[in-house]
Chemist: 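This is the structure, below, for whatever I ask next.
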Amino acid sequence: MMTTPFNETWRYDPTRQTLADYAVDVADETALPTLETSLENIGEYQRRLWANRKRAVLLIVHGLDASGKDSLIRTLATYMDPAGFHAWSFGRPQGVEARHDFLWRVVPMLPAFGELTAFNRSHHEGVIAERLWPIHADDHYNWQARYEAIRGFENNLVREGTTVIKCWLRLTEDEHRRRLVTRLDKPRKRWKFDPSDVEAWQRRDEYLARAEEAIAATHTAEAPWFIIPGDRKPVARAVVAAMLDEQLQALAPDYPEADEKTLKAYRKLLT
């Protein structure tokens, strides 16, 4: 994907040892591009992407339970043309998914040329959550081979014309706890609570350790990871929206060129 001064601020840095080394907030929120402006631009340039049908964008959003993945994707979709936008959520592999290789289930959901697709979690669950809650016997897994498969898979997508943007929503322990309690206390949010949320909370440190290893192993120049400050949802939304805005403007700066001779002929038929 295109490197810019803005997205370099959030780009994963291999010299930082843990996710705890990254910010969860920004010192000056007013220094960020305005969310509404970014969303309006996303709506316009996503339509240009759809009109040109030459490139695709895959936005991958990961994070702990209650890190704001759903609301982030919902916000980004505010002005998008639904004809060229799709969002998919991936949970624990079950049934036919568990009987295939771990990449199998995401392939049909990938964006076609002209489309922007958002993944709420993704094939990376196969090297994060599945290490804590396996669906196969231990001898089935070769984690290094899975990392290699992910790198090859994503790099091939990029070579074939898909921009891959991978975001991890970084959440502090206190904010994570507060949001889980809110899910219990507020009827409007209670439906999202699942007993597995508590088990994941109890194994938070293990989960983050596996996430840190997976991010380091699957971060590439072609498909980099970005660590997004997530303790305040408006900040996370503004950061990701601005990054997506930059990429779309670079991929589809104009609508397809018109053939004036053809247009003239059509105008004549309509008058």
Chemist: Classify the side-chain pair Glu246/Thr4 by whether it contains a donor and acceptor separated by less than 3.5 Å.
Modeler: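 Glu246 vs Thr4: donor-acceptor pair found between side chains.
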
Chemist: For Glu206, is there an ion pair with Arg210 - N to carboxylate O distance below 4.0 angstrom?
Modeler: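 Salt bridge flag = no for Glu206 with Arg210.
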
Chemist: Quick one: does any side-chain atom of Arg170 pair with a main-chain N or O of Gly230 as donor and acceptor, under 3.5 Å?
Modeler: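 Here the side-chain-to-backbone pair does not exist.
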
Chemist: What do the steps show when you test Arg204 against Leu64 for side-chain contact (heavy atoms from CB on, under 4.5 Å), and what is the final call?
Modeler: CA-CA 8 Å; Arg204 172 189 162 93; Leu64 295 159; 3.0 Å; yes

Chemist: May I ask you to check whether Tyr147 and Glu213 show a side-chain donor-acceptor distance below 3.5 Å?
Modeler: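 Judged by distance alone, the side chains do pair up.
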
Chemist: Tell me whether Asp28 at atom CG has more than 12 heavy atoms from other residues, nucleotides or ligands lying less than 6.0 Å away.
Modeler: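 Yes, enclosed.
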
Chemist: Taking the basic N atoms (NZ, or NE/NH1/NH2) and the acidic carboxylate oxygens, is any pair closer than 4.0 Å for Glu148 and Arg151?
Modeler: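 No.
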
Chemist: Does a donor on one side chain and an acceptor on the other come within less than 3.5 Å for Ser38 and Arg237?
Modeler: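 There is no such pair between these side chains.
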
Chemist: With a 6.0 Å cut-off on the ring centroids, do Trp143 and Tyr141 count as close?
Modeler: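 Yes, the ring of Trp143 comes within the 6.0 Å limit of the ring of Tyr141, centre to centre.
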
Chemist: Can you tell whether the side chains of Asp81 and Arg47 come within less than 4.0 Å, N to carboxylate O?
Modeler: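 Between Arg47 and Asp81 there is no salt bridge, as every charged N stays at least 4.0 Å from the carboxylate O atoms.
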
Chemist: Within 45 degrees of the ring normal and closer than 6.0 Å to the centroid, is that where the cationic atom of Arg146 sits relative to Phe102?
Modeler: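 Because its charged atom sits under 6.0 Å from the ring centre and within 45° of the axis, Arg146 does stack over Phe102.
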
Chemist: Between Lys264 and Glu260 (salt bridge meaning N to carboxylate O under 4.0 Å), is one present in this structure?
Modeler: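 Salt bridge between Lys264 and Glu260, a charged N being under 4.0 Å from a carboxylate O: no.
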
Chemist: Hydrogens and angles aside, do Thr172 and Asp174 bring a side-chain donor and acceptor to less than 3.5 Å of each other?
Modeler: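 Side chains of Thr172 and Asp174: no pair found under 3.5 Å.
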
Chemist: Is it true that Asp231 and Arg179 have a side-chain N and a carboxylate O under 4.0 angstrom from each other?
Modeler: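 So Asp231 does not pair with Arg179 through a salt bridge.
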
Chemist: Between Trp225 and His124, is the ring centre distance below 6.0 Å?
Modeler: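 When the ring centroids of Trp225 and His124 are compared, they turn out to be within the sub-6.0 Å range.
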
